[in-house]
Amino acid sequence: MNHLVLGIVAHVDAGKTTLSEALLYKAGAIRRLGRVDHGDSVLDYNDLERQRGITIYAKPAVIERGDTSFTLLDTPGHVDFSAEAERTMQALDYALLVIDGSSGVQSHTETLWQLLERYQVPTFIFVNKMDHAELTPMQIAAQLADRLDAGCLSFDDGIPFEDCAMADEAALDEYMESGKLTTDTVRRLIAERRVFPCFFGSALKVEGIDELLDGLSDLVRSKAWRDEFAARVFKVSHDGQGNRLAWIKVTGGSLRVKKVLGVASAGWHGASARSSQGESWQEKTDQLRIYTGDRYQVVDSAEAGQVVAATGLAHAQVGCALGAEVEPLQPSLEPVLTSTVLLNGNDATEVHAALRELTDEDPQLGVTWNEELQELRVNLMGKVQLEALTATLLDRFGLDVDFGPGGILYRETITEPVLGIGHFEPLRHYAEAQFLLEPQPAGSGVQFGSRCHVDDLDLNWQRLALTNAMERDHRGVLIGAPITDVRITLVAGRAHLKHTEGGDFRQATYRAIRQGLMEAREQGACVLLEPVYRFGLRVPADCVGRAMADLQRMSASFESPVADGADRMRMEGKVPASEVQDYAVTLAAYTHGQGSLTLRFDGYEPCHDANAVIEATAYDPVADLPNTPDSVFCAHGADYNVSWADVPAHAHVSYDPVRLTDWRPADASFFGRK
């Protein structure tokens, strides 16, 4: 049996879960069709999902067709839960993109298409709700070719050999010689994302489902899995009994119960996972489960290409690579909002523990505790996710909490290299660390490494200092936002043969990075960054003037309007996330529902109103004691505090660029792991 994972992705309300139900029914996996609006579909079994009629969590089901066993992964369609959909794409061999035939390509569809391209997932397309569509299949296929990719071709009347041949030079030669293409050639074109087969039907009326299943079975290509064991953790959840489930896609060899697994990469947990780069763990799987909806079958082993939920893995995190698996791409979608948790009389420790468990499942939730303000904060994609989080805390943990007004999740960076020095020397303790902070291209995140010579600081101390540097998200000094697009390199340090303990380098490291940021602030080299969206705005021709005025007011950068059909205009560009949060409602009002807005997260750029944000925040970096830039020195048997500005004059190590070694990234090999 050929095992493949097929992800079903779509804009919300395109009929994705209804299609999943129809596929399960036609493949013989279920005996009765459920419906989303009746609350009895197999895959939307969560109470919150049934109440809202939307998919919130990715869920699997297994079907067989011909000699292929497909693990279907039904993913969320709402934009607020798109991070869950992106995490699932790491496990996909193929994707099935569902299009609403009555609406065509919608706002979130293009974002999903970009993600599928980023992860190079071969994609089939099913155009749903054709019983309500005003356009013919050929007209819709032409629209898909224009909006998504020229390789979107209708397979409703069989394989369009001539059109497929135009996608590849070798295929064209084959077609010119024989007048058609072999099935293997078509499979290759699909697997290489040159052709995207389009099928049409109605999932609710179970029309076109057999043709879709036959197309999937005939046109997917068997994968040559490696013999050596390899796997990837793409999801973490908890079952009804509280058991932690690590969802694993096996990509090589086989996975057996009680197999000892070790981490090969830290995953997607940000700072909490980066701290494990210097550590290693090994755990055994207690149980392997193959799920269909909320029902599962316990198995002894899983072969390459299968998805299983494993119990017993307490340390496995989303994005972990196991065995011979390569490290995955970091997610491209990021939350743009942050909100304060209003405890409503609940114990802060209990609420924090519940949120940490939810962060285990959704790493980008990013819960943080501000000791100084005694405040919990979470990062969010939007209002619907916030409502779902509130309901989950109540239903699952019995915690009735609210959330304060949301704010934009800013970042900070630097524009010039600076040296940061941290010294920690209370009585009978000693550590000094010096880090070079350098700006990096946009989207680089935070990188860690060393250029320190082992003669200046033993390798074990270097590893410890970098482990400490990587275990937290470092805050900037403008508004206290996390830093990004910075390379942090250990260049010098000193330990004491007798008095240095592990925690000493933690303090020295934290203070060094913070001191460097203060130096950058003093030089005017700190920059506040804000999240921006890449937008596509389509409006009736008579509304263009209003739309352009709104975009200018929102500090958007955009190209000149272009015609989009007979009486519509299209504009594209970038807009700050802070300015466009509720614009879809305004757009619907002045275009009488005929306008459409597509938003796709496009990274961070310098804030358009940085001075106003900094002034409103009124952040004092020196008063932020948990992130102090000052150092502690010792003289005459007593320790004393030295202000950040005076630390370079008191430092015990002279930074010598001549003695620097080549840059060594803080990866597994640096920490002595294979």
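- When all heavy atoms of L517 and C526 are compared, the closest pair comes out as O-SG, 3.6 Å.
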* Begin with the C-alpha distance, continue with both residues' side-chain angles, and end with the deciding distance and a verdict on side-chain contact (heavy atoms from CB on, under 4.5 Å) for Q90 and R232. => CA-CA 8 Å; Q90 292 276 3; R232 178 174 296 159; 3.2 Å; yes
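- Within a 6.0 Å sphere centred on CD of Q120, other residues, nucleotides and ligands contribute more than 12 heavy atoms.
- Side-chain atoms of T628 do not come within 3.5 Å of backbone N or O of L625 as any donor-acceptor pair.
- Between E84 and K235, at least one side-chain nitrogen of the basic residue sits less than 4.0 Å from a carboxylate oxygen of the acidic one, meeting the salt-bridge criterion.
- Using a cut-off of 4.0 Å between Lys/Arg side-chain N and Asp/Glu carboxylate O, E438 and R487 are scored as salt-bridged.
- Across R244 and L313, no two heavy atoms sit closer than the pair NH1-O, 2.5 Å.
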* To do: Any chance you could lay out the ring-ring contact (aromatic ring centres under 6.0 Å, His included) test for F435 and H474, step after step, and finish with the verdict?
  => CA-CA 13 Å; F435 287 87; H474 298 278; 8.5 Å; no
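- More than 12 heavy atoms of other residues, nucleotides or ligands lie within 6.0 Å of CG in D347, so this atom counts as buried by the packing criterion.
- Using a 4.0 Å cut-off between charged side-chain N and carboxylate O, K574 and D602 make a salt bridge.
- Panel note: side chain E86, backbone L333; a donor-acceptor pair is recorded below 3.5 Å.
- At a cut-off of 3.5 Å, with distance as the only test, no side-chain donor of Y510 or N627 sits close to an acceptor on the other residue.
- Taking each heavy atom of S237 and W247 in turn, the nearest pair found is OG-NE1, 2.8 Å.
- Under 4.0 Å is where a charged nitrogen must lie from a carboxylate oxygen, and between R521 and E519 no such pair does.
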* Working for salt bridge (Lys or Arg N to Asp or Glu O under 4.0 Å), residues K383 and D80 -> CA-CA 8 Å; K383 294 180 180 178; D80 281 13; over 6 Å; no
* Show the numbers, then the answer: is there a side-chain hydrogen bond (donor to acceptor under 3.5 Å, both in side chains) between Q114 and R118? => CA-CA 6 Å; Q114 294 289 338; R118 182 175 192 261; over 6 Å; no
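- Among all heavy-atom pairs drawn from G493 and C452, the shortest one is N-SG, 4.4 Å.
- A donor-acceptor contact under 3.5 angstrom links the side chains of Y619 and D624, judged on distance only.
- For R87 and D362, the salt-bridge test passes: some basic side-chain N is under 4.0 Å from an acidic carboxylate O.
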* To do: Output, in order, the C-alpha distance, side-chain angles, deciding distance and verdict of side-chain hydrogen bond (donor to acceptor under 3.5 Å, both in side chains) for T489 and R451.
  => CA-CA 7 Å; T489 305; R451 296 185 65 192; over 6 Å; no
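- The cationic group of R193 lies under 6.0 Å from the six-membered ring centre of W113 and within 45° of the ring axis, placing it in a cation-pi geometry.
- Sparse packing is recorded around CZ of R428, with 12 or fewer heavy atoms of other residues, nucleotides or ligands lying under 6.0 Å away.
- By the 4.0 Å N-to-carboxylate-O rule, R553 lies too far from E579 to be salt-bridged with it.
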* To do: Carefully, step by step, assess Y583 and D550 under the rule side-chain hydrogen bond (donor to acceptor under 3.5 Å, both in side chains).
  => CA-CA 9 Å; Y583 187 66; D550 286 350; 2.8 Å; yes
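- Between Y533 and F601, the ring planes are perpendicular. Angles over 60° get that label, and only those under 30° would be called parallel.
- Looking only at side-chain heavy atoms (C-beta outward), N468 and L464 come within less than 4.5 Å of each other.
- Summarising the geometry of F448 relative to W663, their closest heavy-atom pair is O-CZ2, 3.5 Å, with the distance given to 0.1 Å.
- Counting only distance, with no hydrogens or angles, the side chain of Q385 and the backbone of M381 share a donor-acceptor pair below 3.5 Å.
- Remark: the backbone N or O of R475 is paired with a side-chain donor or acceptor of R514 at under 3.5 angstrom.
- Between the side chain of Q515 and the backbone N or O of W644 there is at least one donor-acceptor pair closer than 3.5 Å.
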* **Check against ring-ring contact (aromatic ring centres under 6.0 Å, His included), Y430 and H499** => CA-CA 6 Å; Y430 186 93; H499 295 312; 8.8 Å; no
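- In terms of heavy atoms, F229 sits closest to A231 at CZ-CB, 3.7 Å.
- E412 places no side-chain N or O within donor-acceptor distance of the main-chain N or O of V527, the cut-off being under 3.5 Å.
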* To do: Carefully, step by step, assess R600 and E110 under the rule salt bridge (Lys or Arg N to Asp or Glu O under 4.0 Å).
  => CA-CA 8 Å; R600 178 168 57 87; E110 293 181 348; over 6 Å; no
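- The backbone N or O of V653 sits less than 3.5 Å from a side-chain atom of E432, completing a donor-acceptor pair.
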* Apply salt bridge (Lys or Arg N to Asp or Glu O under 4.0 Å) to E334 and R411, showing your working. => CA-CA 12 Å; E334 294 185 24; R411 295 278 191 267; 3.6 Å; yes
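- No donor-acceptor pair under 3.5 Å is formed between the side chain of D639 and the backbone N or O of V632.
- Remark: the backbone N or O of N460 is not paired with any side-chain donor or acceptor of D458 at under 3.5 angstrom.
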